[in-house]
Each structure stands twice: as structure tokens, then as C-alpha cells.
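Since the structure comes first, as C-alpha cells, the remarks are kept for the end.
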Amino acid sequence: MENPLPKSWSIHTRPEIIAKYEILERVGSGAYSDVYRARRLSDNLIIALKEVHDYQSAFREIEALQMLQNCPNIIVLHEYFWREDEDAVLVLEFLRTDLAAVIHEAKKTEGGIRLGEVKRWMLQILCGVDACHRNMIVHRDLKPGNLLVSDDGVLKLADFGQARILMEPGFVANNDNQQSFEQNAGYQENTSPTLDSVSEACSSPNLGFNNQVEEDISKEEYFRQLVELKAKRHATDESDKETNINDGDTSCLATGTISDIEDDPLKSSYSYEAEEGGDDRHGALTSCVGTRWFRAPELLYGSIDYGLEVDLWSLGCIFSELLTLEPLFPGISDIDQLGKIISVLGNLTEEVWPSCSKLPDYRTISFANIEKPTGLEACLPDRSPNEISLVKRLVCYDPANRATAMELLNDKYFNEEPFPLPISELHVPLTKHGHDEDSPGGLNDYNDMGSDSDFDEFGPVNVRTTGSGFSLQFS
Ligand SMILES: Nc1ncnc2c1ncn2[C@@H]1O[C@H](COP(=O)(O)OP(=O)(O)OP(=O)(O)O)[C@@H](O)[C@H]1O
């Protein structure tokens with residue numbers, strides 16, 4: 001069947017790429033990239049060529065993947081090409097399908113995903129997330145479609161285009177030989193070095209951990225080191241703001257992205273000033289990351305000072321979806337997303353989340369009082385108390401209360417019957433969600449979830465102007 005996707009030709013004309021790879025077909029495209037299946041001429045290995053059209057996204061993905069290459073649950077980056085004035089091309093291992101396809105396929109099967117399979121998928125995700133977090137890398141776009149799956153059932157975290165390293169590499173003890181990506185990779189020198197040429201510098205496990213140590217350290221030690229590193233990060237941020245990688249994105253208002261605002265029928269009713277959390281603040285993070293259904297409440301409320309915990313929220317949403325085969329919070333806009341979360345978890349107050357009132361958009365947007373939140377139990381009918389409790393430890397308002405990936409890896413849930421199935425017994429779909437003819441939504445199920453333009457969805461809304469701009473009250 002002819003590939004319905006329009007063709008981008010630039011990669012086909014790059015001599016340094018076609019000298020080494022035969023491009024077979026385009027397999028997908030995202031907000032910033034086109035991805036091709038290709039064959040490495042030297043040994044016939046099938047790989048993926050990811051042509052990234054955005055400088056920052058490519059930079060982030062390469063930098064994060066270089067730090068994570070020792071983890072079996074992170075996509076392998078074989079090499080990359082980067083020349084001035086041209087898109088970066090990442091050479092990645094090719095993984096045919098993803099967890100979205102696993103969930104989609106399970107919907108057609110009586111009984112859904114067997115519990116032993118759910119546990120094995122979760123353990124693999126947790127290993128990948130734990131590796132990221134040990135390296136202080138926040139992925140920021142965890143969702144089933146970004147969890148790629150090999151034919152033999154190995155799951156790998158992919159799409160690090162939104163990832164952010166929450167500290168500068170090189171300032172941790174035992175990491176002396178790790179210099180910055182720019183220095184090592186010849187990033188500014190118009191070269192396209194192979195990973196081999198930089199791997200020496202990046203191979204020493206980061207944060208001073210190595211695999212052996214990873215296995216041995218206790219949870220307390222893990223937290224102690226994380227806390228220490230966070231403190232160092234803050235100290236570094238203060239003393240050397242210039243060294244931070246700036247997000248360069250536009251912060252989104254809690255009620256929607258910038259494009260949402262453009263479409264907003266109420267636009268004339270309020271003023272929007274983007275200076276808070278704008279893109280020129282050194283080291284500030286943007287709240288406008290991640291796919292809405294998996295986006296943590298601190299992001300929806302415009303936080304620009306969040307941490308690794310945003311991934312833990314997404315993880316909870318993914319775990320819930322593996323259990324129920326339905327998205328936990330399928331918001332059709334950012335406001336609806338928050339509304340759905342609040343109707344389940346209850347009102348957002350200082351009691352449940354100390355200092356939540358300091359979130360940038362906390363006072364800008366408010367919801368009618370929820371007398372009786374439905375609770376996560378109602379979203380997880382027929383699930384065991386253990387499963388509900390695990391989801392609750394991730395999907396909770398206060399980021400400080402969210403369980404770490406390492407804590408969950410050690411949870412007894414994964415060590416009791418039914419035991420996690422071996423990887424070889426996982427059911428791996430033959431087709432990818434979105435390439436499956438039966439799928440009405442296809443890729444768009446996760447990638448295009450509508451905009452905020454239709455406020456009618458939420459019933460009456462009161463717009464008030466305030467000293468700082470405006471406030472929206474939804475009832
Ligand atoms: N290594 C790979 N092997 C096979 N398919 C891949 C690989 N990497 C990405 N893809 C597919 O290519 C498409 C786009 O990839 P990806 O999500 O990484 O790009 P993106 O532009 O960062 O996307 P997004 O819009 O989700 O942020 C997806 O369908 C993905 O499954």
C-alpha cells in the first residue's frame with residue numbers, strides 16, 4: 001500500500017547519509033521530526049533515521065540519549081549527523097511498535113492485558129524512567145506512544161525531544177571526564193561525529209553512579225543523593241545561570257497553549273501577558289510540555305519550577321491505562337484536563353498540596369467546589385487495592401508525595417503472584433497503532449487532542465479582570 005504521508009526530500013539528498021544507509025520508507029512523523037526505516041549498508045541492520053527539524057529538540061534528544069546509553073530500556077542511539085544549516089539526523093535502533101499499540105490491541109481481546117504482562121511492561125517502563133531520573137533527566141513527554149517495543153517484547157523509552165537535564169553535566173564528582181555535549185560532539189564545529197567518538201567521554205555513568213552501584217545503593221541513599229544533587233542544581237542555577245540550557249519554548253497559560261489562545265473566542269475578554277515564565281528566563285522550564293492526557297497538574301497550572309515528578313504523574317496515568325485500557329484523564333483541552341483531574345482528586349487546596357497557591361496560574365483559574373470527588377477507585381473498577389494504591393502514589397497532587405521509580409521497582413506488588421511474565425511471553429502486536437486500518441483515531445488519539453478554543457464545553461464561565469490580568473471561574 002502506498003505510504004499516505006507526504007514525502008520530505010531533504011534526507012534523501014544528504015550524501016553523508018545515503019553513503020551509509022538505504023532509506024526504505026517513512027514510518028512516522030511527529031511535531032518536530034520525520035522518521036524513516038532504513039538499512040545500514042555495512043551490515044544490513046535495519047535502523048531508524050530520525051530527521052529532526054528543530055534545533056533545540058535535536059540537541060536535547062542527542063544529549064539525553066548520550067547520557068542514557070547503558071540502560072536496556074532506553075532507545076539506542078547509534079550515531080547522529082549534524083551539519084550547520086541542515087536538520088540533525090539521529091540513527092536509532094528500529095523498534096516496530098509501541099505501548100499504545102499494545103493497549104489498542106488488548107481492547108480487542110477478551111480479558112485485556114494479563115496481569116503478569118502489565119507487571120512486566122510496568123517494570124520495563126520503571127527501569128527506563130529510573131535511569132533517566134538517576135541522571136536528573138526529566139523526559140517530560142511520557143506516554144504509551146513514546147514507549148517503543150521491539151519484536152521480542154523489550155520496551156524502550158524514546159522521543160527525548162522534550163527531555164531536560166536538570167543539572168549541568170560535569171559538576172558531579174567522579175564525572176571529570178564528561179565534558180559538555182557541545183565540546184565533545186563537535187556540535188558547533190559543523191561536524192557529524194559518530195557516537196563512538198564521544199562515547200568515551202559520556203560512557204562513565206553519570207551522577208557518579210555506575211551500574212554496579214545502582215544495584216547496591218539503598219533507597220535512602222538514592223534519595224539522599226537526589227536531594228544533594230537537587231540542592232547543587234539550585235546552587236548552580238543561582239551562581240551560574242548562564243550555563244543552564246534555556247527552554248526556548250513559550251510558556252503556555254494554564255488554560256491553553258499559545259495557539260489555543262489565538263483561537264480563543266474569549267480572547268477579547270481578557271489580556272494575556274506572557275512575561276511570567278517567558279522563554280528568555282535563564283534556566284526556567286516551560287509548562288507547555290508533554291501530551292495533555294499525561295500532563296501533571298503543576299504543568300497545567302503553569303509551573304516553571306517543576307522537577308522529575310512530572311514524569312511520575314505521567315507514569316501513574318500510563319499504569320492506570322494499562323490496567324483499564326482507557327486513558328485516565330482524557331481531557332479535550334487544558335481546562336478540561338484540569339477539570340477532569342479535580343473532579344476525581346478533589347479540590348486543589350493548601351491542605352492537599354502545600355504551596356499550591358503559589359503556582360503561577362492558581363489564582364487565574366478556579367473551578368466550582370467539588371463536594372464529592374469521584375476518587376481514583378471509581379476510575380479503576382475491579383482493580384485490587386494494591387493496584388489502586390500504586391496509582392494513587394503517582395497520581396497525587398503534591399509532587400513531593402509521588403513515589404519514585406526506584407521505590408516502585410522495589411514494591412512488593414511486582415514480587416507477588418501473579419508474577420511478571422518473562423519478556424518472551426509478552427504479546428507484541430503486529431501492527432502499530434495508527435497504522436492499523438481498524439483504528440479510527442490512529443496516531444491522532446494521542447497526538448491531537450483538540451484545542452481549548454471551545455469553552456462552551458465547560459458550561460458557564462466567568463471572566464474577571466484582576467490586578468495581574470484576568471481570572472476564569474468554571475462552574
Ligand atoms: N526508533 C524508532 N523506531 C521506529 N519508529 C520510530 C522510532 N522513533 C520514532 N519512531 C516513530 O516515528 C514517529 C515520530 O517519532 P517521535 O515521536 O520520536 O517524533 P517527535 O517529532 O518527537 O514526536 P512528538 O510529536 O510525539 O513529540 C512516531 O510514530 C514514532 O513511533
Side-chain angles (χ1 to χ4, degrees), residues 3-8 11 21 23-40 45-65 68-69 71-80 87-104 128 138-152 154-164 195 247 249 257 259 286 288-295 311 314 318 428-436 439 441-449:
N3 189 342
L5 299 167
K7 205 155 185 150
S8 144
I11 194 169
Y21 299 97
I23 299 166
L24 300 171
E25 62 172 333
R26 188 145 74 102
V27 290
S29 58
Y32 303 118
S33 71
D34 290 296
V35 179
Y36 301 83
R37 191 168 66 90
R39 182 174 67 85
R40 189 160 67 189
L45 181 74
I46 296 296
I47 49 85
L49 294 177
K50 180 168 179 177
E51 184 185 28
V52 187
H53 311 302
D54 177 73
Y55 166 97
Q56 196 163 52
S57 174
F59 183 100
R60 285 188 172 140
E61 184 143 23
I62 293 169
E63 189 174 43
L65 286 178
L68 294 169
Q69 285 302 286
C71 175
N73 298 108
I74 304 284
I75 191 103
V76 171
L77 173 64
H78 293 295
E79 67 169 320
Y80 62 91
D87 289 340
V89 174
L90 280 62
V91 182
L92 301 160
E93 69 180 308
F94 184 84
L95 296 180
R96 194 178 40 79
T97 190
D98 57 39
L99 198 68
V102 172
I103 293 168
H104 181 68
V138 55
H139 184 284
R140 302 201 294 185
D141 196 14
L142 291 177
K143 60 179 176 181
N146 283 340
L147 305 173
L148 302 187
V149 174
S150 71
D151 287 346
D152 45 10
V154 180
L155 177 148
K156 306 209 178 196
L157 271 58
D159 193 2
F160 282 77
Q162 294 195 33
R164 179 79 192 245
L195 255 194
D247 248 352
D249 295 331
T257 63
S259 57
T286 176
C288 195
V289 288
T291 304
R292 183 184 302 124
W293 295 354
F294 305 90
R295 204 180 290 161
D311 286 345
S314 310
I318 295 168
V428 178
L430 292 173
T431 53
K432 191 168 183 171
H433 190 34
H435 296 263
D436 181 342
S439 164
L443 289 173
N444 292 338
D445 282 1
Y446 285 113
N447 290 340
D448 177 14
M449 296 167 193

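If you read the sequence from its start, that first residue is 1, and numbering goes on from there. Counting convention: from 1, in listed order, for ligands and their atoms alike.
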Check each atom of ligand 1 against the heavy atoms of S29 and keep those under 4.0 Å away; list them by number with element.
-> 13 (C), 14 (C)

Within a strict 4.5 Å, meaning less than it, do heavy atoms of the D141 and T291 side chains meet?
-> yes

Side chain, backbone, both or neither: which part of E51 has a heavy atom under 4.0 Å from ligand 1?
-> neither

Does any N or O atom in L95 lie less than 3.5 angstrom from one in ligand 1, N or O only?
-> yes

Working to the nearest 0.5 Å, report the span between NE2 of H78 and CG of L90.
-> 11.5 Å

Should R40 and E79 be marked as a side-chain contact (heavy atoms from CB on, under 4.5 Å) after you check the CA-CA gap, both sets of side-chain angles, and the distance that decides it?
-> CA-CA 12 Å; R40 189 160 67 189; E79 67 169 320; 5.7 Å; no

What part of L148, side chain from CB on, backbone N/CA/C/O, both or neither, has a heavy atom under 4.0 Å from ligand 1?
-> side chain

For N146, the atoms of ligand 1 under 4.0 Å from one of its heavy atoms are 17 (O)

Have a look at ligand 1 and work out which part of R37, if any, has a heavy atom under 4.0 Å from it: side chain, backbone, both or neither.
-> neither

Nearest heavy-atom approach of L77 to Q69 is N-OE1, 3.0 Å

Looking at V35, D34, I75, the heavy atom closest to atom 9 (C) of ligand 1 belongs to V35

If you measure every N/O of L92 against every N/O of ligand 1, is any gap under 3.5 Å?
-> no

Given I74, V76, V149, the one that forms side-chain contact (heavy atoms from CB on, under 4.5 Å) with K156 | V76

At a non-hydrogen distance cut-off of under 4.0 Å, which region of T291 contacts ligand 1 (side chain, backbone, both, or neither)?
-> neither

Distance-only polar pair, side chains of D34 and H53, donor-acceptor under 3.5 Å = yes

Sub-4.0 Å heavy-atom approach of R96 to ligand 1 | no

Determine whether any heavy atom of G161 lies closer than 4.0 Å to an atom of ligand 1.
-> no

Atoms in ligand 1 with a heavy atom of K143 nearer than 4.0 Å | 26 (O)

So L92 and L65, side-chain contact (heavy atoms from CB on, under 4.5 Å) or not? Walk me through it.
-> CA-CA 10 Å; L92 301 160; L65 286 178; 3.8 Å; yes

Using a strict cut-off of 4.0 Å, indicate which atoms of ligand 1 neighbour a heavy atom of Y32.
-> 21 (O)

For ligand 1, which atoms, with element, lie under 4.0 Å from some heavy atom of K50?
-> 16 (P), 18 (O), 19 (O), 22 (O)

Out of S33, S150, A48, who gets a non-hydrogen atom closest to atom 20 (P) of ligand 1?
-> S33

Using the test salt bridge (charged side-chain N to carboxylate O under 4.0 Å, His left out), find all partners of D311 that sit at least two apart in sequence or belong to another chain.
-> none

For ligand 1, note which part of A31 has a heavy atom under 4.0 Å away: side chain, backbone, both or neither.
-> both

Has ligand 1 got any nitrogen or oxygen that is less than 3.5 angstrom from a nitrogen or oxygen of D159?
-> yes

Salt bridge (charged side-chain N to carboxylate O under 4.0 Å, His left out) partners for D151, two or more places apart | R96

Indicate yes or no: at least one non-hydrogen side-chain atom of L142 is less than 4.5 angstrom from one of L157.
-> yes

All heavy atoms of R37 vs all of I46, minimum pair found to be CG-CG2, 3.7 Å

Indicate, as side chain, backbone, both or neither, the part of A158 found under 4.0 angstrom from ligand 1 when only non-hydrogen atoms are considered.
-> neither

Work out which heavy atom in I318 is nearest to a heavy atom in P144; give both atom names and the distance.
-> CG1-CD, 4.1 Å

Contact (N/O only, under 3.5 Å) between Q162 and ligand 1 = no

Pull out every atom of ligand 1 sitting under 4.0 Å from any heavy atom of F94, numbered as shown with elements.
-> 3 (N), 4 (C)

Would one find an N or O of D98, backbone or side chain, under 3.5 Å from an N or O of ligand 1?
-> no

Under a 4.0 Å N-O cut-off, is there an ion pair linking D159 with K50?
-> yes

